[in-house]
Amino acid sequence: MSIHISARPGEIAPLVLLSGDPLRAKFIASEFLSSPRLVSETRNCLFYTGIYQNKQISVGASGMGCPSIGIYSYELYTEYNVDTIIRIGTCGAYDPELQLFDLINVKEAVSESTFALYAWGIKESVISNQGDIFETINKVSAKKSWPLRCGAIHSSDVFYSNQEGFSPLAMQHNCLAVEMESFALFANAKHCGKKAACLLTVSDLIAAKQKISPEQREKALLPMVQLALETADYSLHE
Ligand code: HPA
């Protein structure tokens with residue numbers, strides 16, 4: 001047991017898919033894993049462990065924002081011997097060429113957040129994905145001919161604001177889109193010497209003010225979940 005996760009030692013697999021929303025984690029566990037078992041429900045941040053293609057995988061929730069994913073990913077890495085976390089989330093597109101439902105593999109996270117500095121003394125505002133799982137995602141998507149964009153994204157600390165236009169820091173680094181968690185996940189993985197990647201589905205086009213509807217959401221996320229699971233399968237074979 002850790003402070004925020006009540007699973008017993010050994011109940012969480014070395015590879016974890018981490019969604020922001022606990023109900024999405026529950027849906028993925030029930031639809032894609034065989035023999036899924038609820039291993040933690042502290043604060044309703046659900047974690048399940050089950051089998052995918054004969055391998056143990058866990059799927060759980062990170063909550064929203066860097067502080068929240070910072071807590072869950074750190075406890076997974078340091079108290080449950082987790083080796084790899086693949087975040088599966090949604091993002092708002094900055095790049096006008098992106099369409100709703102497009103998939104992004106995050107090369108690096110760009111942020112104004114002080115998380116990495118205060119936690120680990122990491123001064124950079126750009127942190128790369130960690131380990132080789134980003135490359136494995138690219139390999140798997142290429143093999144299957146599943147379309148995938150790669151690039152920098154903006155990990156923002158704010159969802160609502162009175163600011164006009166996109167973040168200058170994000171524009172300076174050609175960020176494709178905005179979400180709120182990758183920077184802390186990558187910072188923790190870097191500090192702990194672990195692997196981390198992030199897959200994002202475009203759920204809204206910020207300039208065009210379009211978004212996918214709540215009814216479309218569950219289905220929209222399926223290609224991302226499939227790619228994450230196939231990547232997990234591939235990397236656990238190696
Ligand atoms: N901002 C931050 N995070 C997001 C957004 C957004 O517009 N859309 C989906 N995740």
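All ligand and atom numbering here is 1-based and tracks the order in the structure. Predicted model, so just to flag it, every value in this text is computed and none were measured.
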Check: G92 N/O within less than 3.5 Å of ligand 1 N/O: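 G92 vs ligand 1: N/O contact under 3.5 Å present.
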side-chain contact (heavy atoms from CB on, under 4.5 Å) partner of I88, chosen from L18, I28, T201: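 The single option meeting the side-chain contact (heavy atoms from CB on, under 4.5 Å) with I88 is I28.
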Residue pair I153 / S182, side-chain heavy-atom distance below 4.5 Å: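 Sidechains of S182 and I153: in contact.
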Element-labelled atoms of ligand 1 that are located less than 4.0 Å from some non-hydrogen atom of S203: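 Once the distances to S203 are compared, the set is 8 (N), 9 (C).
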Numbered atoms of ligand 1 (with element) below 4.0 Å of I206, judged on heavy atoms: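 That gives atoms 7 (O) of ligand 1.
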K55 NZ: over 12 foreign heavy atoms closer than 6.0 Å: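 Yes, enclosed.
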Minimum non-hydrogen distance to atom 9 (C) of ligand 1, winning option of S156, S155, S161, C91: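 Considering heavy atoms of S156, S155, S161, C91, the nearest to atom 9 (C) of ligand 1 sits in C91.
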Nearest neighbour of atom 1 (N) of ligand 1 from the list V178, L200, D204, V202, on a heavy-atom basis: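 Shortest heavy-atom distance from atom 1 (N) of ligand 1: V178.
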Identity and separation of the nearest protein heavy atom to atom 10 (N) of ligand 1: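 Answer, as residue, atom name and distance: T90 O, 3.4 Å.
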Lys/Arg-Asp/Glu bridge criterion (N-O < 4.0 Å) met for D83, K194: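 No, this pair does not count.
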D95/R149 salt bridge by N-O under 4.0 Å criterion: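 Salt bridge flag = yes for D95 with R149.
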